[in-house]
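Read the structure below first, then the notes.
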Amino acid sequence: MKHVVSVSIGSSTRDHSVETEILGEKFRVERIGTDGDEKKAVELIRSLDGKVDAIGLGGIDLYLIAGKKRYIIRDAKKLANAAKKTIVLDGSGMKNTLERMIIRDLVAEGKYLRKGSKVLLVSAVDRFGMAETLYEKGCDVIFGDFLFALGLPIPVKSLVSLRILAAILLPIFTRLPFKMLYPTGSEQTHRKPKFQNYFQWAEVIAGDFHFIKRKMPDDLKNKIILTNTVTSKDVEELKTLGASVLITTTPEFEGRSFGTNVFEGICAAMLGKKKDDMPSEEEYIDLIKKMGFGPRISKLN
């Protein structure tokens, strides 16, 4: 049995473990939160190194991407470097392959996403593949990086503007403590509504669920939520707030949609990858097609 563990600096209340079978291969998949304690996360990764098939980084990105440039986050690099044998993945490979494929398919179907759809993407540098594909497909997108990561009332509407701003600011931001940019630990469990006008403008609210959950308003009536990493409790909350449809980009295992880092870990384990042997985009795409996984679409209201 292959073993994949996501070590998250997020809340331990979101921990989950499942056993499943994919393409005839048995897997044990776990998510372990450290409640924002990065030292504990480093120790956990060291203890798992060489004993599991893949380690995911949860609640933190190793890279932020804008255009062709990739910026490494200092705090995440410390976590990744704690493993010497086992491959460590942050989900960026899935975001650049699987999520692009899903956006194209959804637009082609035209039911939940189409040219002209008003989309609030809460963070584009975290999901540049999604950002780029939404923009290419003619969606009316607001990139909320300044709104949700920095708390600044600056909506970005142009992919070109996003690239320019990212090139200026990301070299600085990636050196800051990650908790200054993203909700970690208990911060992931407390909702503080903000920028409600942008939520109300949007037909589709997309991107990282922790950003969405942290700032979402009390009224999500008729909104489509495009995300992942949702628990059954999250689904019930979205339903209570009036959201109409939930679309998760990663597969569901026993009622839980894990993060992209977990699904990426599963793929890497199936490919037999070790430390510093990252799968190529072609390998990811080929394996995704073989698995036959598509987005989970749940009608809430």
Side-chain angles (χ1 to χ4, degrees), residues 4-10 30-34 36-46 48-49 52-100 122-132 145 149 166-167 169-185 188 207-211 228-229 249-250 258-269 271 273-281 283-284:
V4 175
V5 180
S6 173
V7 176
S8 175
I9 59 172
E30 295 183 81
R31 185 268 190 195
I32 304 173
T34 64
D37 189 334
E38 292 181 22
K39 289 183 179 179
K40 184 177 179 181
V42 167
E43 292 170 2
L44 182 56
I45 290 170
R46 285 175 178 159
L48 293 167
D49 188 28
V52 299
D53 296 280
I55 298 170
L57 293 183
I60 190 169
D61 294 304
L62 185 54
Y63 303 105
L64 295 179
I65 299 171
K68 302 296 181 183
K69 292 189 177 181
R70 189 170 65 170
Y71 303 85
I72 192 165
I73 294 176
R74 185 179 60 181
D75 284 355
K77 187 177 181 180
K78 294 176 186 176
L79 300 181
N81 287 345
K84 306 303 180 185
K85 300 177 182 178
T86 303
I87 189 168
V88 179
L89 309 114
D90 71 337
S92 56
M94 283 296 111
K95 293 172 185 176
N96 204 40
T97 52
L98 175 65
E99 294 192 342
R100 286 182 186 271
V122 291
S123 176
V125 294
D126 163 61
R127 279 181 151 77
F128 200 78
M130 181 179 284
E132 201 167 48
D145 297 73
L169 297 174
L170 285 184
I172 300 169
F173 293 159
T174 50
R175 287 171 172 78
L176 296 174
F178 190 69
K179 61 185 179 181
M180 291 180 64
L181 304 174
Y182 186 81
T184 62
Q188 295 182 345
D208 183 275
F209 186 69
H210 293 304
F211 273 139
N228 61 17
T229 325
T249 58
T250 48
F258 284 99
T260 52
N261 72 92
V262 175
F263 191 42
E264 192 167 295
I266 290 172
C267 290
L271 292 166
K273 299 292 184 177
K274 303 298 181 183
K275 180 73 173 179
D276 298 325
D277 182 20
M278 298 298 291
S280 66
E281 288 188 12
E283 286 177 310
Y284 279 135

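Residues meeting the side chain to side chain contact (heavy atoms under 4.5 Å, CB included) test with V52, sequence neighbours left out: H3, V5, L48, I55, T86. Every side chain to side chain contact (heavy atoms under 4.5 Å, CB included) that S6 has, sequence neighbours left out, goes to R31, N261, V262. With sequence neighbours excluded, the residues forming a side-chain hydrogen bond (donor to acceptor under 3.5 Å, both in side chains) with S92 are D90, listed by chain and number. Residues meeting the side chain to side chain contact (heavy atoms under 4.5 Å, CB included) test with E281, sequence neighbours left out: N96, T97. Among residues two or more places apart in sequence or in another chain, the side-chain hydrogen bond (donor to acceptor under 3.5 Å, both in side chains) test is passed with S123 by D145. By the side chain to side chain contact (heavy atoms under 4.5 Å, CB included) test, L271 pairs with K273, P279, E283, L287, sequence neighbours left out. When the ring-ring contact (aromatic ring centres under 6.0 Å, His included) test is applied to F258, the partners found at least two apart in sequence or on another chain are H16. Partners of D53 under the side-chain hydrogen bond (donor to acceptor under 3.5 Å, both in side chains) rule, at least two apart in sequence or in another chain, do not exist in this structure. Taking E38 as the reference, nothing meets the side-chain hydrogen bond (donor to acceptor under 3.5 Å, both in side chains) condition, with sequence neighbours excluded.
Using a distance-only test at 3.5 Å, with no hydrogens or angles considered, no donor-acceptor pair links the side chain of D61 to the main chain of L64. Within the 3.5 Å criterion, the main-chain N or O of V42 finds no donor-acceptor partner in the side chain of K78. Of the possible donor and acceptor atoms, one in the side chain of E264 sits under 3.5 Å from a partner among the backbone N and O of M94.
For the atom pair CG (L170) and OH (Y63), the distance works out to 14.5 Å, reported to the nearest 0.5 Å. The CZ atom of F263 lies 11.0 Å from the CG atom of N228; values are rounded to the nearest 0.5 Å. The distance from the NZ atom of K84 to the CG atom of D276 is 9.5 Å, given to the nearest 0.5 Å. Atoms CD1 and CD1, on I9 and I60 in that order, are 4.0 Å from each other to the nearest 0.5 Å.
L79 pairs in a side-chain contact (heavy atoms from CB on, under 4.5 Å) with only one of the listed residues (L62, L44, L57), which is L57.
A 4.5 Å side-chain heavy-atom check between K95 and F128 finds every atom pair outside the cut-off. V122 has its side chain out of reach of R127: every pair of non-hydrogen atoms, C-beta onward, lies at least 4.5 Å apart. Contact check for T260 versus L98: no side-chain heavy atoms found under the 4.5 Å cut-off.
Across all non-hydrogen atoms, the minimal contact from V4 to G265 is CG2-O, 3.8 Å.
Other residues, nucleotides and ligands contribute only 12 or fewer heavy atoms inside 6.0 Å of the CZ atom of R70.
Remark: D49 does not engage K275 in a salt bridge, criterion side-chain N to carboxylate O under 4.0 Å.
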